[in-house]
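FYI, side chains are in, hydrogens and waters are out, and symmetry mates aren't considered; it's all heavy atoms of this structure.
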Amino acid sequence: MRLASLALAAALPLAALCGPASAEVVGKVGVDWMGNDIIVDALNDPKVKGVTCHVTYFDRGVLDRLKNGNWFEDPSNNSIACRQTGPIEIGDIDMSQDGEEVFRQGMSLIFKKLVVNRIYDKTNDTLIYLVNSRQLTDGSAKMAISTVPLFNQSPKWTNGAPN
């Protein structure tokens, strides 16, 4: 009975196990007969209107999980592309070098998360979006970035443009 419960949990989409995500699945491409897929999510930055990021990640199928014995984790291979998709309106964003987390989704039952952070590069007037996997231990060096230049864009800053 316990094994059946574990198999069912592994078969469910990891996003469903980690609560509602603020992203929408817009693509799902099968990559092999084992049921492995590449998922494409569209995510809108909640504090920057007019910017949409597309994030890809690998979703292991049940057969692959059975074959490899790793039931509760997807690989840390992620990609991101962010573009202006409307008039840009920037809310109260974190201006520090650490930036702020825009999106988080589980990639394992408990410990591994796919994370998107936004960093504002004031010198170059550019929004930087970084996707990586965050783990409790053994952090991953696999990452990708995308930038949205604000040069010649005249974005609206709800709290006033940075000095």
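Looking only at side-chain heavy atoms (C-beta outward), Val51 and Arg83 stay at 4.5 Å or farther from each other. Side-chain contact between Tyr129 and Val55: absent, with no pair of heavy atoms (C-beta onward) separated by less than 4.5 Å. At a threshold of 4.5 Å between non-hydrogen side-chain atoms, the residues Val102 and Asn117 do not count as touching. Side-chain contact between Lys49 and Pro87 is absent, with no heavy-atom pair separated by less than 4.5 Å.
Contacts of Glu100 classified as salt bridge (charged side-chain N to carboxylate O under 4.0 Å, His left out), with partners at least two apart in sequence or in another chain: Lys47, Arg118. Thr56 is linked by a side-chain hydrogen bond (donor to acceptor under 3.5 Å, both in side chains) to nothing, counting only residues two or more places apart in sequence or in another chain. Under the side-chain hydrogen bond (donor to acceptor under 3.5 Å, both in side chains) criterion, Thr126 pairs with no residue at all, not counting sequence neighbours.
Separating the OG1 atom in Thr85 from the CG atom in Asn44 is a distance of 6.0 Å, to the nearest 0.5 Å. Within the model, atoms CD1 of Ile38 and CG of Asn78 stand 11.0 Å from one another, a figure rounded to the nearest 0.5 Å. Put simply, CD1 on Ile119 and OG on Ser96 are 8.0 Å apart, with the number rounded to the nearest 0.5 Å. To the nearest 0.5 Å, the span separating CD1 on Ile145 from OG on Ser79 amounts to 11.5 Å. Distance CD/Glu101 to CG/Leu130: 11.0 Å, rounded to 0.5 Å.
Asp37 places no side-chain N or O within donor-acceptor distance of the main-chain N or O of Ile39, the cut-off being under 3.5 Å.
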Would you tabulate the side-chain donor-acceptor contacts of residues 147-160 under 3.5 Å, counting partners in other chains and residues two or more places apart, or write 'none'?
from	atom 1	to	atom 2	distance (Å)
Gln153	OE1	Gln84	NE2	3.4
Thr158	OG1	Ile90	O	3.2

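Taking both residues in full, the closest heavy atoms of Leu43 and Ala23 are given as CB-CB, 4.0 Å, listed atom of the first, atom of the second, then distance. The shortest heavy-atom contact between Ala42 and Thr52 is CB-CG2, 4.3 Å.
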message = Applying side-chain contact (heavy atoms from CB on, under 4.5 Å) to Phe103 and Leu114, what does each step give before you reach the verdict?
response = CA-CA 8 Å; Phe103 174 77; Leu114 173 126; 3.5 Å; yes
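Chaining together hydrophobic side chains whose heavy atoms lie under 4.5 Å apart places Val26 alongside Val40.
A donor and an acceptor atom, one from each side chain of Tyr120 and Asp125, are located under 3.5 Å apart.
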